[in-house]
A.B. asks: 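Input: one structure, supplied below.
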Amino acid sequence: MTVLLREAIGDRLRHARTTQRRTLREVSRTARVSLGYLSEVERGRKEASSELLAAICEALDLPLYQLLHLVASDIGAVQQPVPTPAELAERVEPAAPSLEGGTLVPAVIGNDLSDLRLQPVLTHRLSTSISKPRGAVVAA
């Protein structure tokens with residue numbers, strides 16, 4: 001799964017703004033950026049210049065280096081290399097899915113624990129079959 005840099009930056013900016021319970025209008029005024037353009041940046045539709053990112057980060061009291069670090073972590077978590085069949089065979093598999101065996105759900109990106117969701121990696125396929133119970137009478 002490929003994550004575009006502009007989308008990851010937009011997600012982080014929107015998260016920072018909504019966490020502070022601030023409106024697009026308020027941040028756009030403080031950053032001196034048009035409301036429509038800020039909205040496009042948050043939605044990942046526009047690629048923001050470094051000057052624009054610095055202004056938005058300043059308006060959000062979010063250091064630019066911190067934004068970039070969080071974005072890099074988000075992209076790294078989503079774009080983990082796909083293991084080869086040989087690497088999969090070498091792994092020690094837990095008996096049941098656990099938090100240690102999970103992966104980050106790509107659609108959820110956040111920086112506090114309420115935003116962190118793990119999806120267990122299922123290593124065993126379970127199959128079930130449904131059959132008529134023994135001695136049951138089937139109504140016609």
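Everything numeric here is computed off the predicted structure, so don't read it as measured data.
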A.B. asks: Taking all heavy atoms of Thr18 and all of His15, pick out the closest pair and write down the distance.
C.D. replies: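 Minimum heavy-atom contact is OG1-O, 3.2 Å.
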A.B. asks: Working to the nearest 0.5 angstrom, can you tell me the gap between Cys57 SG and Leu62 CG?
C.D. replies: 4.5 Å
A.B. asks: So that I can tick it off, tell me whether Lys46 and Glu40 are bridged by a salt bridge, with the cut-off set at under 4.0 angstrom between side-chain N and carboxylate O.
C.D. replies: no
A.B. asks: For Arg12 and Leu67, which heavy atoms make the closest approach, and how far apart are they?
C.D. replies: CB-CD1, 3.5 Å
A.B. asks: Taking only residues two or more places apart in sequence or in another chain, which ones pass side chain to side chain donor-acceptor pair (under 3.5 Å) with Arg6?
C.D. replies: none
A.B. asks: List the residues meeting side chain to side chain donor-acceptor pair (under 3.5 Å) with Arg45, not counting sequence neighbours, and say none if there are none.
C.D. replies: none
A.B. asks: Once rounded to the nearest 0.5 Å, what's the spacing between atom CG of Leu5 and atom CG of Leu68?
C.D. replies: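 Taking CG in Leu5 and CG in Leu68, the distance rounds to 8.0 Å.
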A.B. asks: With sequence neighbours excluded, tell me which residues meet side chain to side chain donor-acceptor pair (under 3.5 Å) with Glu58.
C.D. replies: none
A.B. asks: Who are the side chain to side chain donor-acceptor pair (under 3.5 Å) partners of Ser39, not counting sequence neighbours?
C.D. replies: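 Arg43.
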A.B. asks: Using 0.5 Å steps for rounding, measure from the CD1 atom of Ile9 to the CG atom of Asp74.
C.D. replies: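 Separation between the atoms: 10.5 Å.
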A.B. asks: Linking I/L/V/M/F/W/Y whenever any side-chain heavy atoms sit under 4.5 Å apart, do Leu4 and Ile56 land together?
C.D. replies: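 In one cluster with Leu4: Ile56, no.
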A.B. asks: Side-chain polar contacts of residues 47-55 - donor-acceptor pairs under 3.5 angstrom, sequence neighbours left out - could you list them?
C.D. replies:
| from | atom 1 | to | atom 2 | distance (Å) |
| --- | --- | --- | --- | --- |
| Ser49 | OG | Glu51 | OE1 | 3.4 |
| Ser49 | OG | Leu52 | N | 3.1 |

A.B. asks: Determine which pairs satisfy salt bridge (Lys or Arg N to Asp or Glu O under 4.0 Å) with at least one residue from residues 22-34, sequence neighbours left out, and list them in order.
C.D. replies: Arg22-Glu26
A.B. asks: Name the one of Val27, Val71, Val41 that satisfies side chain to side chain contact (heavy atoms under 4.5 Å, CB included) with Leu13?
C.D. replies: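 The side chain to side chain contact (heavy atoms under 4.5 Å, CB included) with Leu13 is passed solely by Val41 among Val27, Val71, Val41.
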